[in-house]
Structure formats: structure tokens, C-alpha cells
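A short write-up of the structure that comes next.
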Amino acid sequence: MTSTDEIMPGLQTLDGPVGPDAPATPDPTFASDNTAGVSPEVLEAITRANGGAAVPYGHDPVTARLEQVVRDQFGPSAEIFPVFNGTGANVVSLQALLPRWGAAICARQAHVNTDEGAAPERLGALKLLARPTPEGKLTPADVEAELGAQGFVHAAQPLAVTLTQSTELGSLYSPAEIAAVADRAHAAGLGVHMDGARLANAAAALGVSLREVTTDVGVDVLSLGGTKNGALAAEAVVVLDPTRVRGTDYIRKYSMQLASKQRFVSAQLLELFGTDLWRSNAEHANAQARLLGERLATLEGIDLPAPAQVNAVFPKMPATVVEELQSRYLFHVRDTAPDGDPVVRLMCSFQTTEAQIDEFVDHARAALTARLPDAR
């Protein structure tokens with residue numbers, strides 16, 4: 001498989017509907033887990049937080065309870081800084097981890113490198129050192145390969161590593177793999193950041209706690225995702241090792257990520273991570289992705305190289321089938337296989353139903369049947 005950058009226009013590449021009964025507006029269900037709505041429990045939490053007055057900028061009782069929950073989840077030294085979005089969380093985290101002359105080692109396919117409009121470089125004033133990786137995962141060897149620039153005044157200094165969990169390719173770092181990268185990074189004086197926009201899906205798939213895949217394996221600062229798992233607009237920077245990460249509160253403010261009415265952001269995170277909602281939502285999304293992959297794999301002409309590990313499925317389909325499906329559904333064309341057929345990305349969420357999966361598979365089956373000579 002030849003990997004290419006994610007093509008955003010690939011969500012809808014056709015001039016118009018193909019099938020005679022294709023909908024005027026393609027269904028966004030499988031385009032992203034961001035297309036899902038908000039968990040009812042989260043909406044109720046926002047409503048509960050709406051009673052009366054509260055001190056702004058995080059000095060409210062809801063945020064205080066969230067701070068204790070984060071210490072319970074990640075360890076007694078953990079500090080949380082709620083923010084509006086994942087890009088903001090990553091930019092704030094990396095700025096807090098790096099000096100102005102620092103650079104962060106990342107996988108070439110990492111979200112911070114491919115899908116954030118160069119925000120880390122433009123707004124964070126830091127350099128990303130992107131490494132080619134077959135599964136979107138860094139290894140200790142990738143860290144080692146960049147260390148030669150340390151002490152060379154003409155190069156941005158590699159002083160951090162950023163890991164995406166789960167990766168943009170739907171793969172997972174095991175706790176042991178994270179620990180191996182973190183150990184090599186720390187030995188060379190580098191800090192470790194994790195982009196955990198889908199950390200809930202990863203922890204659920206691995207069957208571990210949030211702490212076991214972050215604090216316990218050497219992550220220093222975490223971008224904790226909520227929006228992809230049922231929140232309205234709530235992410236957070238979680239500092240796990242305050243000795244390596246400084247100035248986060250000031251950086252959050254000048255990065256325009258400090259909410260005045262923070263209790264409403266905190267309430268969402270408190271509902272997700274102060275209960276088992278984060279896990280149940282993620283487990284549902286993961287299970288639906290496995291089901292979607294299994295059912296697509298039964299269709300002759302569709303190839304699923306590997307079972308879904310989290311809530312992303314990457315089947316290979318004939319180009320004509322992709323065209324027909326894209327007249328009905330929005331989804332990414334992710335890669336191109338050696339035989340020229342596209343590999344697409346289908347995402348499931350906490351709201352994905354079995355009926356939606358069956359409908360998609362039925363349309364895929366019909367598109368495949370239409371390709372047969374006797375169907376013409």
C-alpha cells in the first residue's frame with residue numbers, strides 16, 4: 001500500500017449524485033466521529049452547570065471537582081487545563097514542553113503534522129521533525145535518528161516527542177511501546193507529549209485505564225480528547241509531570257484557549273471522565289467499527305487488510321464502488337493501493353447504529369453487483 005496524505009476534498013469528489021436515487025446531500029455518518037452529536041449525559045451536565053452564578057476562568061466548583069477527578073484518573077501530580085479544541089490542546093501542550101529553540105519529533109502521518117494547518121509552527125513557533133513510519137507509530141529508533149542535531153546551533157533542537165494515540169492510521173501504541181519511546185526520549189533530555197484526541201478509544205481497545213497508557217509509561221503532558229467521544233466543545237491539556245512542563249496557564253491564555261465561563265467546558269469533561277461514560281462511548285464506537293469491517297469483508301471485491309483496532313475502518317474498494325458510495329456518503333479516500341484501488345477511511349462513533357452499518361453495507365453490495373458483466 002502506498003500511503004498518501006489525507007485528502008480532505010476526497011470527502012466528496014464527484015460533481016453530483018451517481019445513482020438514480022442518490023440523496024441530494026450525502027450522509028456524513030461515517031465521515032468522522034466528529035459528525036456525531038453530543039451525549040445526552042453531557043448535555044444534562046451542561047444544564048446542571050447553568051444554575052446560578054460562578055466565578056469565571058476556572059475558579060468555579062465544577063472545575064474544582066474536575067481537577068480532583070483528573071488526579072484520581074492520572075495520578076496525584078496531574079493538573080488539568082480545559083481548552084476549546086484539539087488543535088489548541090496540542091499547541092498549548094507543545095509550547096509548555098519546549099523552549100523557543102525546541103523541536104518535536106512526530107510521525108509523518110501525525111495529526112499535528114498533517115491536519116492542523118501548521119498551527120504548531122505558525123502559532124506555537126516550534127519545529128516539527130516528521131519521521132516516515134509504516135503504521136503511524138514512532139519507535140525509539142526514530143528518536144535516536146533525530147538526536148544528531150542536538151548541540152548543533154544551525155538546527156532546531158529535538159527536545160520533545162509527540163505521539164498520537166490512537167494514530168491517524170487506526171493503529172495503537174501498546175503501553176510497552178509508549179514506555180520504550182519515552183525511556184529513550186527522557187534519557188536524551190526530551191519531554192514526551194501525547195495527542196490523545198482518541199485516547200478513550202485506545203484505552204478501551206487495550207483494556208487499560210487512562211493512567212496505564214499515559215502517566216505510568218512516561219508521558220509528560222497529554223492532550224485529552226472529549227469532543228470525538230461525546231462532548232460538545234471540550235478538550236484539555238493534562239500536565240502529568242509538572243517538573244517537565246511549565247507555564248501552561250499563561251500559555252493557555254495567550255493562545256486564546258482560556259474560557260471565561262469555564263464551568264461549561266469543565267462540566268463536559270467531568271461527566272465523561274468522572275464516570276464510565278468515556279469508556280462506554282468508546283467501546284461502542286470501537287465495536288461498531290469492528291462490525292462494519294467484518295460485514296464489509298464478507299463482500300467479494302472489498303478487502304480489509306486488518307481488523308479495526310479502534311473506531312476506524314480502512315477497507316480497499318474498487319474505484320467505481322467508491323464513486324457510487326460517495327454519491328450517498330461522505331468519507332475520506334485515505335490511500336491508494338499498489339493495484340490502483342483506493343483505500344477509504346470509515347469512522348464510527350458512540351452514536352453509530354447497526355441499522356446504519358447494514359444500510360452502508362447494502363449499498364456497497366449493490367455497487368459491487370452493478371460492476372458484474374451480467375448486471376450491465
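Keep in mind it's a predicted model, so treat the numbers as computed, not measured. Residue numbers run from 1 in the order of the sequence given.
Leu240 places none of its side-chain heavy atoms less than 4.5 Å from the side chain of Val245. Using a 4.5 Å cut-off on side-chain heavy atoms (C-beta onward), Phe74 and Ile80 make no contact. Looking at Met317 and Asp341, their side chains never come closer than 4.5 Å, going by heavy atoms from C-beta outward. Side-chain contact check for Glu177 versus Lys137: some heavy-atom pair is nearer than 4.5 Å. By the 4.5 Å heavy-atom criterion applied to side chains, His363 and Tyr329 are counted as neighbours. Proximity of Leu224 to Phe273: side-chain heavy atoms (C-beta onward) are separated by under 4.5 Å at one or more points. Using a 4.5 Å cut-off on side-chain heavy atoms (C-beta onward), Tyr57 and Ser260 make contact. Put simply, the side chain of Pro158 reaches to within 4.5 Å of the side chain of Gln150, judged on heavy atoms.
Asn311 and Asp33 form a side-chain donor-acceptor contact under 3.5 Å, judged by distance and modelled atom types alone. There is no side-chain donor-acceptor pair under 3.5 Å between Asn85 and Thr87. Using modelled atom types, one finds a donor on one side chain and an acceptor on the other under 3.5 Å when comparing Ser255 with Gln95. A side-chain donor from one of Glu212 and Ser209 sits under 3.5 Å from a side-chain acceptor of the other. In this model, a donor atom of one side chain and an acceptor atom of the other lie less than 3.5 Å apart for Asn281 and Ser39. In this structure, a donor-acceptor pair under 3.5 Å is absent between the side chains of Asn50 and Thr47. Side chains of Asp195 and Asn90: a donor on one and an acceptor on the other come within 3.5 Å. At a cut-off of 3.5 Å, with distance as the only test, no side-chain donor of Gln109 or Asn113 sits close to an acceptor on the other residue. Using a 3.5 Å distance cut-off with no hydrogens or angles, the side chains of Arg71 and Gln68 do pair a donor with an acceptor. For the 3.5 Å distance criterion, the side chains of His186 and Asp220 qualify, holding a donor opposite an acceptor.
The structure places CD of Gln157 at 9.5 Å from CH2 of Trp101, a figure rounded to the nearest 0.5 Å. Interatomic distance, Arg184 CZ to Ile105 CD1, rounded to the nearest 0.5 Å: 9.5 Å. Between atom CG of residue Leu272 and atom CG of residue Leu66 there is a gap of 10.0 Å, rounded to the nearest 0.5 Å. A distance of 11.0 Å separates CG of Asn286 from CZ of Arg198, quoted to the nearest 0.5 Å. Annotation: the span from Cys348 atom SG to Asn201 atom CG amounts to 10.5 Å, rounded to 0.5 Å. Atoms CD and CG, from Glu146 and Leu129 in turn, are 5.0 Å apart once rounded to the nearest 0.5 Å.
Note on Leu172: it does not cluster hydrophobically with Val112, by side-chain heavy-atom contacts below 4.5 Å among ILVMFWY residues. Ile357 is connected to Val313 through a chain of hydrophobic side-chain contacts under 4.5 Å among Ile, Leu, Val, Met, Phe, Trp and Tyr, so both are in one cluster. Connection of Met347 to Ile302 is not established within any shared hydrophobic cluster, with ILVMFWY side chains joined at heavy-atom distances below 4.5 Å, either directly or through further cluster members. Both Val213 and Val310 are part of a single hydrophobic cluster, where members link through side-chain heavy atoms under 4.5 Å apart. The hydrophobic clustering, which links ILVMFWY residues whose side-chain heavy atoms are closer than 4.5 Å, places Val91 and Ile251 apart.
A side-chain donor-acceptor contact under 3.5 Å links Gln257 to the backbone of Phe84. With hydrogens and angles disregarded, a donor-acceptor distance shorter than 3.5 Å links the side chain of Gln268 to the backbone of Leu232. In terms of modelled atom types and a separation under 3.5 Å, the side chain of His284 and the main chain of Thr352 share a donor-acceptor contact. Panel note: side chain Thr35, backbone Ala31; no donor-acceptor pair is recorded below 3.5 Å.
Of the charged side-chain nitrogens involved, none lies within less than 4.0 Å of a carboxylate oxygen, so that Glu294 and Arg290 do not count as a salt-bridged pair. Residues Asp335 and Arg345 are not paired through a salt bridge, judged by the lack of any N-O separation under 4.0 Å between the basic side chain and the carboxylate. Here Asp60 does not pair with Arg263 in a salt bridge; the nearest charged N to carboxylate O distance is not below 4.0 Å. Taking 4.0 Å as the cut-off between side-chain N and carboxylate O, Glu354 and Arg295 count as a salt-bridged pair. The pair Asp249-Arg252 fails the salt-bridge criterion, with no side-chain N (NZ, NE, NH1 or NH2) lying under 4.0 Å from an Asp/Glu carboxylate O.
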| Between Gln73 and Val238, is a side chain to side chain contact (heavy atoms under 4.5 Å, CB included) present by the stated rule, with each step listed? | CA-CA 11 Å; Gln73 288 276 19; Val238 181; over 6 Å; no
| request: Assess whether side chain to side chain contact (heavy atoms under 4.5 Å, CB included) is satisfied between Leu169 and Arg334, documenting all intermediate values. | output: CA-CA 9 Å; Leu169 302 184; Arg334 180 72 203 203; 3.7 Å; yes
| request: Please step through salt bridge (charged side-chain N to carboxylate O under 4.0 Å, His left out) for the pair Asp276 and Arg279, ending with a clear verdict. | output: CA-CA 5 Å; Asp276 286 332; Arg279 187 180 291 276; 5.5 Å; no
| field | From CA spacing to verdict: side chain to side chain donor-acceptor pair (under 3.5 Å), Thr167, Glu135 | value | CA-CA 8 Å; Thr167 75; Glu135 294 185 329; over 6 Å; no
| request: In sequence, state the C-alpha distance, the side-chain angles, and the governing distance for Leu258 and Phe81, and then conclude on side chain to side chain contact (heavy atoms under 4.5 Å, CB included). | output: CA-CA 8 Å; Leu258 175 60; Phe81 301 87; over 6 Å; no
| message | The test is side chain to side chain contact (heavy atoms under 4.5 Å, CB included); show your working for Cys106 and Arg131 and say whether it passes. | response | CA-CA 6 Å; Cys106 67; Arg131 300 286 306 169; over 6 Å; no
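Between Ala89 and Ala236, the shortest heavy-atom distance links the atoms CB-O, 4.0 Å. Nearest approach of Val217 to Pro175, heavy atoms of both residues: CG1-O, 3.4 Å. Taking each heavy atom of Leu163 and Tyr173 in turn, the nearest pair found is CD2-OH, 3.6 Å. Here the closest heavy-atom approach between residue Ala285 and residue Phe350 is recorded as CB-N, 3.9 Å. In terms of heavy-atom proximity, Ala160 sits nearest to Leu97 at CB-CD2, 3.8 Å. Considering every non-hydrogen atom in both Ser166 and Ser171, the closest pair reads CB-O, 3.5 Å.
The number of heavy-atom neighbours closer than 6.0 Å to OH of Tyr250, taken from other residues, nucleotides and ligands shown, is 12 or below.
Partner of Leu138 under the side chain to side chain contact (heavy atoms under 4.5 Å, CB included) criterion, out of Ile178, Val143, Thr164, Thr133: Thr133 alone.
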